[in-house]
Amino acid sequence: MHRTRLSAALTAAALAASALVATATSATAADAELARNGGFEAGLTGWSCTAGSGAAVSSPVHGGVSALKATPAGSDNARCSQTVTVKPDSAYTLSGWVQGGYVYLGASGTGTTDVSTWTPSASTWQKLTTTFRTGPSTTSVTLYTHGWYGTPAYHADDISLVGPGGDPATVPAAPGNLRAGTPGTTSVPLSWNASSGAGSYHVYRNGTRVTTVSGTSATVTGLTAATAYSFQVSAANEAGESAKSAAVSVTTATGGGDGGGAELPAHALVGYLHASFANGSGYTRMSDVPDSWDVINLAFGEPTSATSGDIRFSLCPVSECPNVESVAEFKAAIKAKQAAGKKVLISIGGANGQVQLASTAARDAFVTSVSKIIDEYGLDGLDIDFEGHSLSLNTGDTDFRNPTSPVIVNLISAVKTIKARYGSDFVLTMAPETFFVQLGYQFYGSGPWGGQDPRAGAYLPVIHALRDDLTLLHVQDYNSGPIMGLDNQYHSMGGADFHIAMTDMLLAGFPVAGDQSRVFPALRPEQVAIGLPASTQAGNGHTTPAEVNKALNCLTKGTDCGSYRTHGTWPALRGLMTWSINWDRFNQYEFSKNFDAYRWS
């Protein structure tokens, strides 16, 4: 569990190749000016700028008395945007005046081909213009301007979108194709087709509204095992609520079938135990792990070489850990924990354990060696903690739903084989860094033009392919650079806001690399835990107990949310993960004691 910084960015040359500059078309009598506050005379009203990068200034201006000044910084390109209502299948002209180096103007969500135009250098005011046509069902588009990473501030003024104005909102049609995923003992995942013009969806259980979400999926929780339920969903916007969809009937499971999660507590605490090494936190014997911990991940199983797939695990040597127990004592302590209802897993990887299953031979060696460790120690499952350069996407591998990179394909195959070998009670967890998951909202692999870090979002195809087998995903919300959330704002680690935004992405789903045709579907809340460092010594981004509780309150109760607006409330959120049990012990068990004291309802 180590830091990975955002190192991915498109090259200017690659973007230049993709830029589209079009000639403005003449407006018709029915056309109107649709951009709001395009001259920034009302400050930033109507506009949203990433990471606080934008401000209205009085000089220089192209027209009026104000203009936009936006300053890129670090991994932020100073993107300022607004969403406008448009008509389907209609022509639009987007234009604006810019000044500075590397300034972009564009439109996304057009329903056809998103467009942008740019200038590498404008020492004086320069006009940018492009055109687009909306898709047959497009009712809104997002206008934006941005600069480039590490470059000086740019200015923009008199942004204009000319074309037919959108119609007033009407009540949307009922959503179609309501369907249920694999039910758990106490929950049912639902999804449905989008309804044009909908701003939200109401989910009904046996005729009673139980939740409202903004996306096209939801997980209904708090159900009873082996019980039949009927579900419907309606679409809503400012004009009203649609009729309910056709009903779907589902019977909850009697036990198992939750990726091994049915036997976990409704709210679980997951921790990593330094079993094979020592550090400043000291060695903790398995028998000394407090009962607070529901899932204990043994850190770490590591490969004999990065590409061998041959994973080995052994206890910390006496020379490094004088108080280490014997192997027999360790195995006996594992059995005692299991008898008390705890799960003990082998965690593969970590910061030093690079695992690249680039060949079928490595894949098969992984299956054999990991199974041997599980059998020898009588473990309950497997935790995948691949970091560093273990996972990356080959050039051209751009669809998370159909990966082609061998290290991805072979890992998926290997884990499915292991899962099938041990059956439905096998516990499977993953602990990726934000770089490999939430960063995928902006960047995926090397990108359509190359030049990005090929590791960006590289866990997404693994999570997606194994989502029906996955017990828990606990992303490391620490050792992370700023990450853009679904509000298109950057969020930084260390406070409740970061955990709220990052977890909301997993529970709401998100378009990968901004592609609305490739949406990473939401996970069930029972599959998600929040990953945090147990103390300030354990990792960058330590979050105080008070801030941890705010994050939990927001995500499970809808309170203490701050400025971030979540896409739902999920009382069935599984719990928390921490690096590590050893560091929590070093810090007088502050983390686990706070978890034990937290009131989930």
Next item on the list: Check whether any side-chain heavy atom of Val233 lies under 4.5 Å from a side-chain heavy atom of Leu190, and answer yes or no.
Entry: no
Next item on the list: Report yes if the side chains of Tyr272 and Met577 come closer than 4.5 Å at any heavy-atom pair, otherwise no.
Entry: yes
Next item on the list: Identify the two heavy atoms, one from Asp385 and one from Ala431, that lie closest to each other, and give their separation to 0.1 Å.
Entry: OD1-O, 3.2 Å
Item checked: Flag if over 12 foreign heavy atoms under 6.0 Å of CZ, Arg565 -> no
Margin query: Working to the nearest 0.5 angstrom, can you tell me the gap between Asp383 CG and Ile346 CD1?
Written below: 9.0 Å
Notebook entry, point to check: Minimum heavy-atom separation for Leu470 to Ile463, with atom names?
Noted result: CD2-CG2, 4.2 Å
Note to self: Can a donor-acceptor pair be found, under 3.5 Å and without considering hydrogens, that links the side chain of Tyr201 to the backbone of Ser195?
What the structure shows: yes
Note to self: Checking Asn206 against Thr208: is there a side-chain donor and acceptor pair closer than 3.5 Å?
What the structure shows: no
Check: How are the rings of Phe426 and Tyr422 set to each other: parallel, tilted or perpendicular (split at 30° and 60°)?
Finding: parallel
Notebook entry, point to check: What is the distance from atom CZ of Arg467 to atom NE2 of His464, rounded to the nearest 0.5 Å?
Noted result: 5.5 Å
Check: Where the side chain of Ser371 meets the backbone of Val367, is there a donor-acceptor pair that is under 3.5 Å apart?
Finding: yes
Check: Is Arg518 reaching over with its side chain to a backbone N or O of Thr398, donor-acceptor style, under 3.5 angstrom?
Finding: yes
Margin query: How close do His474 and Thr429 get, counting heavy atoms only, and between which atoms?
Written below: NE2-CB, 3.6 Å
Note to self: Strictly distance-based, threshold 3.5 Å: is any side-chain N or O of Ser392 a donor or acceptor partner for the main-chain N or O of Pro454?
What the structure shows: no
Check: Without hydrogens or angle criteria, can the side chains of Asp380 and Gln338 be said to hold a donor-acceptor pair below 3.5 Å?
Finding: yes
Note to self: Distance to the ring centre below 6.0 angstrom and angle to the axis at most 45 degrees; does that hold for Arg455 and Phe435?
What the structure shows: yes
Notebook entry, point to check: salt bridge (Lys or Arg N to Asp or Glu O under 4.0 Å) with Asp310: which residues, sequence neighbours excluded?
Noted result: Arg312
Next item on the list: Please say which of Asp487, Asp497, Asp504 ends up in a side-chain hydrogen bond (donor to acceptor under 3.5 Å, both in side chains) with Tyr564.
Entry: Asp504
Next item on the list: Heavy atoms only: give me the nearest Lys342-Asp291 pair and the separation to one decimal.
Entry: NZ-O, 2.7 Å
Margin query: I'd like to check the side chain to side chain contact (heavy atoms under 4.5 Å, CB included) partners of Ser234; sequence neighbours left out, ordered by chain and number.
Written below: His202, Tyr204, Glu241, Ser242
Next item on the list: First locate atom CZ of Phe300, then atom CD of Glu387, and finally report the distance between them rounded to the nearest 0.5 Å.
Entry: 6.5 Å
Next item on the list: With the side chain counted from C-beta on, respond yes when Ile348 and Pro303 share a heavy-atom pair under 4.5 Å apart, and no when they do not.
Entry: no
Check: Would you say the side-chain atoms of Ser480 pair up with the backbone N or O of Asp477, donor to acceptor, closer than 3.5 Å?
Finding: no
Next item on the list: Can you spot which of Val203, Asn177, Val248 makes a side chain to side chain contact (heavy atoms under 4.5 Å, CB included) with Trp192?
Entry: Val203
Margin query: With side chain to side chain contact (heavy atoms under 4.5 Å, CB included) as the criterion, how do Tyr459 and Leu473 come out once you've worked through the C-alpha distance, each side chain's angles and the decisive distance to 0.1 Å?
Written below: CA-CA 11 Å; Tyr459 248 95; Leu473 177 71; 5.6 Å; no
Next item on the list: Give the C-alpha distance, both sets of side-chain angles, the deciding distance and a yes or no for side chain to side chain contact (heavy atoms under 4.5 Å, CB included) between Leu379 and Ile334.
Entry: CA-CA 8 Å; Leu379 303 179; Ile334 290 174; 3.9 Å; yes
Notebook entry, point to check: Do His567 and Leu507 come close enough that some side-chain heavy atom pair is under 4.5 Å?
Noted result: no
Next item on the list: For Asp515 and Tyr444, run side-chain hydrogen bond (donor to acceptor under 3.5 Å, both in side chains): C-alpha distance rounded to whole Å, both residues' side-chain angles, the deciding distance at 0.1 Å, then the answer.
Entry: CA-CA 10 Å; Asp515 188 342; Tyr444 186 68; over 6 Å; no
Notebook entry, point to check: Stepwise, does the side-chain hydrogen bond (donor to acceptor under 3.5 Å, both in side chains) test hold for Tyr283 with Asp288?
Noted result: CA-CA 10 Å; Tyr283 184 82; Asp288 292 333; over 6 Å; no
Notebook entry, point to check: Are any side-chain N or O atoms of Gln354 and backbone N or O atoms of Ala306, one a donor and one an acceptor, separated by less than 3.5 Å?
Noted result: no
Note to self: Under a 3.5 Å distance rule, please check whether Asn582 uses its side chain to pair with a backbone N or O of Ser281 as donor and acceptor.
What the structure shows: no
Check: Is there side-chain contact between Thr503 and Thr566, with at least one heavy-atom pair below 4.5 Å?
Finding: no
Next item on the list: State the OG1-NZ distance between Thr543 and Lys550, to the nearest 0.5 angstrom.
Entry: 11.5 Å
Margin query: Quick check against the 3.5 Å criterion: does Arg285 have a side-chain atom that pairs as donor or acceptor with the backbone of Ala333?
Written below: no
Check: Can you say whether the rings of Phe520 and Phe510 are parallel (under 30°), tilted (30 to 60°) or perpendicular (over 60°)?
Finding: tilted
Notebook entry, point to check: Between Trp579 and His274, does the ring centroid distance fall short of 6.0 Å?
Noted result: yes
Next item on the list: Identify the two heavy atoms, one from Ala362 and one from Gln356, that lie closest to each other, and give their separation to 0.1 Å.
Entry: CB-O, 4.5 Å
Notebook entry, point to check: Side chains of Leu555 and His499: closer than 4.5 Å at any heavy-atom pair?
Noted result: no
Notebook entry, point to check: Leu273 versus Val344: any side-chain heavy-atom pair under 4.5 Å?
Noted result: no
Checklist line | From Met484 atom CE to Met502 atom CE, the distance as rounded to the nearest 0.5 Å | finding: 10.0 Å
Check: Quick one: does Thr252's side chain have a donor or acceptor within less than 3.5 Å of a partner on Thr227's backbone?
Finding: yes
Notebook entry, point to check: What pair of heavy atoms forms the shortest contact from Leu393 to Ala456, and how long is it?
Noted result: CD1-O, 4.0 Å
Next item on the list: Could you tell me the separation between the CG atom of Leu576 and the OG atom of Ser592, rounded to the nearest 0.5 Å?
Entry: 11.0 Å
Next item on the list: Provide the full list of ring-ring contact (aromatic ring centres under 6.0 Å, His included) pairs with a residue in residues 356-379, sequence neighbours left out, each pair given once.
Entry: Phe313-Tyr377, Phe330-Tyr377
Item checked: Residue pair Ile530, Leu552: steps toward the side chain to side chain contact (heavy atoms under 4.5 Å, CB included) verdict -> CA-CA 9 Å; Ile530 305 172; Leu552 291 175; 4.2 Å; yes
Check: Does Glu433 reach the main-chain N or O of Asn479 with its side chain, forming a donor-acceptor pair under 3.5 Å?
Finding: no
Next item on the list: Give the intermediate values and the outcome of side chain to side chain contact (heavy atoms under 4.5 Å, CB included) for residues Leu264 and Leu472.
Entry: CA-CA 10 Å; Leu264 292 179; Leu472 276 177; 4.2 Å; yes
Check: So do the side chains of Tyr598 and Leu269 get within less than 4.5 Å of each other, counting heavy atoms only?
Finding: no
Next item on the list: Check the angle between the aromatic planes of Phe595 and Trp600 and answer parallel, tilted or perpendicular using the 30° and 60° thresholds.
Entry: perpendicular
